[in-house]
Chemist: 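Next up is a structure, given as structure tokens.
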Amino acid sequence: MDDIAEREGISPAQRGARARAALEAYTGTITDLITDLAHLADDETTGGGLATLRDAEMHYGAELPDIDTPAPGTARPFNVFDVARAAAKLLGDGWTVHAADWGAAGYLDFQGEPVISVGLDEDLDLFVRHEDLDEGTEVLEGASDTDALDALAERVADTVRDLCARNAEAEGDES
């Protein structure tokens with residue numbers, strides 16, 4: 001890649017356009033790319049472009065441990081959506097489910113109305129949330145991705161029933 005920063009009389013916008021064009025055509029490794037992009041930075045000011053690129057170079061250039069990569073589809077036998085779908089079957093008629101991107105969450109609808117979210121919180125704990133309840137989120141303590149799908153689905157279905165009962169009770173208090 002040309003050392004664009006060393007060329008006199010090129011504006012930052014021109015350098016940016018040249019850098020984007022070079023990036024699109026780049027075929028080297030990420031560390032080579034970061035090293036080359038470092039030439040585009042203006043200075044080594046803390047938090048500046050060059051310092052950020054140098055940090056990225058150290059991070060991405062670090063040796064990675066040997067990791068046995070599982071065959072596609074074998075790392076986890078099911079995802080959160082699969083748990084929500086199995087729970088919907090246990091809940092019976094009137095319940096439908098749809099997935100978030102990548103199966104990272106499942107949304108249960110009752111008779112076409114969105115009611116329940118099943119997902120992972122920031123600690124990667126499985127939760128069930130009733131969208132109409134102020135305190136309607138239940139974390140399924142001890143649930144693990146090594147648990148059987150049917151066991152997790154049963155726990156989710158039981159939690160959905162409990163949350164729906166609490167919501168019906170709350171709605172009865174409002175009238």
Chemist: Please report the shortest heavy-atom distance between R85 and V97, naming the atom on each side.
Modeler: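 Nearest heavy atoms, R85 then V97: CA-CG1, 3.7 Å.
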Chemist: Any side-chain heavy atom of V156 sitting closer than 4.5 Å to one from L126?
Modeler: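 Counting from C-beta outward, V156 and L126 do come under 4.5 Å.
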Chemist: Roughly how far apart are R129 CZ and I116 CD1, rounded to 0.5 Å?
Modeler: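 So the gap between those two atoms works out to 10.5 Å.
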Chemist: Could you grab the distance from atom OG1 of T159 to atom CD of E154, nearest 0.5 Å is fine?
Modeler: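 With rounding to 0.5 Å, OG1 (T159) is 9.5 Å from CD (E154).
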Chemist: Within a 6.0 Å radius of atom CG on D123, are there more than 12 heavy atoms belonging to other residues, nucleotides or ligands?
Modeler: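 Result for CG/D123: enclosed.
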Chemist: Which is it for L120 and D125 under the side-chain contact (heavy atoms from CB on, under 4.5 Å) test, yes or no, and what are the steps along the way?
Modeler: CA-CA 5 Å; L120 298 174; D125 293 322; over 6 Å; no
Chemist: When hydrophobic residues are tied together by side-chain contacts of less than 4.5 Å, even through go-betweens, does V80 share a cluster with L90?
Modeler: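 Cluster IDs for V80 and L90 differ.
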Chemist: Output all residues satisfying side chain to side chain contact (heavy atoms under 4.5 Å, CB included) with A148, sequence neighbours left out; order by chain, then residue number.
Modeler: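 By the side chain to side chain contact (heavy atoms under 4.5 Å, CB included) rule, A148 matches D150, A151.
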Chemist: Can you check whether V115 reaches L108 side chain to side chain, under 4.5 Å on heavy atoms?
Modeler: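 No, too far: nothing below the 4.5 Å cut-off.
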Chemist: Check whether any side-chain heavy atom of F110 sits under 4.5 Å from a side-chain heavy atom of L91, and report yes or no.
Modeler: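 No, too far: nothing below the 4.5 Å cut-off.
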Chemist: Going by side chain to side chain contact (heavy atoms under 4.5 Å, CB included), name the residues that satisfy it together with L133, two or more places apart in sequence or in a different chain.
Modeler: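 Side chain to side chain contact (heavy atoms under 4.5 Å, CB included) check on L133 returns H130, L163, R166, N167, A170.
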Chemist: Are V139 and L124 connected in the hydrophobic side-chain network, where two residues link if heavy atoms are under 4.5 Å apart?
Modeler: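 V139 does not cluster with L124.
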Chemist: By salt bridge (Lys or Arg N to Asp or Glu O under 4.0 Å), which residues pair with D158, not counting sequence neighbours?
Modeler: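 D158: salt bridge (Lys or Arg N to Asp or Glu O under 4.0 Å) contacts with R161.
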Chemist: Do you reckon F81 sits in the same ILVMFWY cluster as V118, going by side-chain contacts under 4.5 Å, direct or chained?
Modeler: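 F81 and V118: one cluster.
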Chemist: Would you check if Q111 and E113 make a side-chain contact, meaning some heavy-atom pair closer than 4.5 Å?
Modeler: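 They are not in contact (no side-chain heavy atoms under 4.5 Å apart), so the answer is no.
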Chemist: What pair of heavy atoms forms the shortest contact from A153 to A86, and how long is it?
Modeler: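 Between these two residues, the closest heavy atoms are CB-CB, 3.4 Å.
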Chemist: Please report the shortest heavy-atom distance between V160 and W95, naming the atom on each side.
Modeler: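 Closest approach of V160 to W95: CG1-CH2, 3.7 Å.
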